[in-house]
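Convention: sequence-line order gives letters A, B, ...; per-chain numbering from 1. Please read all numbers here as calculations on a predicted model, not as lab measurements.
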Amino acid sequence: AQKVTQAQTEISVVEKEDVTLDCVYETRDTTYYLFWYKQPPSGELVFLIRRNSFDEQNEISGRYSWNFQKSTSSFNFTITASQVVDSAVYFCALSERVYSGGGADGLTFGKGTHLIIQP
Amino acid sequence: ETGVTQTPRHLVMGMTNKKSLKCEQHLGHNAMYWYKQSAKKPLELMFVYSLEERVENNSVPSRFSPECPNSSHLFLHLHTLQPEDSALYLCASSQDSGSLGEQFFGPGTRLTVL
């Protein structure tokens, strides 16, 4: 069975500090996809990134960066120079099954990390 | 409207009521999902529809009944719910290629069962 663990329930930092959100996953499959979503107070989940299991390159998008390491089954998310608007709950998610020619699958989510950026 | 919309945004119902949650996606996607988000628990996948056919039901109680009349609309019919069913219910959609595509989420319906 697949599982996603976000050990940090809540993190509080002062604005402009860097912060890393941890995500560890378990899967028996060799083909899988990892995601990060942001959930601001409004409630809507906002897609941030998708990474497939064959691509271990780290990715940077503005102040956001992701470190994918298959050896440790981790997919950590770092925010550099954090801002108050980054305050939200962040979810890491895993999708294990891949269908070709149709079909769909749901995501397995971690419990989320509540990030608080203080001004 | 664009993206994924859900109505109502908030719903309070008694245990004997019957109500329905509605989800509509304007993205041309073929797959739609219902998730439940309870306090201090991970989001739980409830139902998956692909091309209007249910492809997954994660052991959800029968008091939750989904309906997908077309690829743009998804309903969740509720009847004789329990207080522990109070949660945020999120709808999502994606292209019909399994986990290759990202899922786009609606704002959710905050359900309170009295």
Side-chain angles (χ1 to χ4, degrees), chain A residues 1-10 23-27 29-55 61 88-114, chain B residues 2-6 9-10 23 27 29-60 66 68 71 74 87-111:
Chain A
Q2 51 187 351
K3 182 180 175 182
V4 176
T5 301
Q6 293 180 256
Q8 304 150 310
T9 303
E10 183 174 292
C23 174
V24 175
Y25 61 92
E26 295 177 27
T27 177
D29 211 337
T30 56
T31 303
Y32 52 90
Y33 288 76
L34 295 162
F35 300 78
W36 275 96
Y37 282 86
K38 173 182 179 180
Q39 187 177 39
S42 61
E44 185 170 343
L45 281 163
V46 178
F47 168 84
L48 296 178
I49 190 172
R50 178 186 71 241
R51 172 67 74 226
N52 76 58
S53 54
F54 298 108
D55 182 3
S61 176
V89 180
Y90 290 85
F91 292 94
C92 181
L94 166 70
S95 184
E96 193 171 47
R97 287 177 286 171
V98 176
Y99 294 92
S100 59
D105 192 13
L107 300 173
T108 298
F109 283 84
K111 291 186 177 182
T113 297
H114 184 196
Chain B
T2 59
V4 182
T5 58
Q6 289 186 244
R9 294 294 307 276
H10 300 272
C23 175
L27 301 168
H29 291 165
N30 291 320
M32 296 188 77
Y33 312 77
W34 279 117
Y35 288 87
K36 176 183 178 182
Q37 186 178 24
S38 304
K40 301 185 187 298
K41 292 179 67 176
L43 276 82
E44 302 169 77
L45 177 66
M46 300 175 71
F47 300 103
V48 181
Y49 275 83
S50 177
L51 298 171
E52 302 151 42
E53 288 190 16
R54 188 191 304 180
V55 297
E56 184 160 337
N57 173 355
N58 267 9
S59 302
V60 179
C68 189
S71 59
L74 184 65
L88 180 67
Y89 289 84
L90 290 161
C91 173
S93 71
S94 70
Q95 282 302 136
D96 57 351
S97 299
S99 54
L100 294 176
E102 67 193 73
Q103 294 185 15
F104 292 81
F105 285 80
T109 295
R110 175 70 63 186
L111 173 67

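Using a 4.5 Å cut-off between heavy atoms, A:Gln6 does not touch chain B at all. With a 4.5 Å cut-off on non-hydrogen atoms, B:Arg110 does not touch chain A at all. Neither the backbone nor the side chain of B:Gln6 comes within less than 4.5 Å of any heavy atom of chain A. Looking at B:Leu88, only its side chain comes within 4.5 Å of chain A, counting heavy atoms on both sides.
The salt bridge (charged side-chain N to carboxylate O under 4.0 Å, His left out) check on A:Glu44 picks up nothing, with sequence neighbours excluded. For B:Phe47, there are no ring-ring contact (aromatic ring centres under 6.0 Å, His included) partners, not counting sequence neighbours.
Considering only heavy atoms from C-beta on, A:Leu107 stays 4.5 Å or farther from B:Tyr33 through its side chain. By the 4.5 Å heavy-atom criterion applied to side chains, A:Leu45 and B:Gln37 are not counted as neighbours.
For the pair B:Pro42 and A:Lys111, the tightest heavy-atom approach, listed with the atom from each and the gap, is CG-CG, 3.4 Å.
In this structure, A:Lys38 places its NZ atom where more than 12 heavy-atom neighbours from other residues, nucleotides or ligands lie under 6.0 Å away.
Rounding to the nearest 0.5 Å gives a distance of 8.5 Å between CG of B:Leu90 and CZ of A:Phe109.
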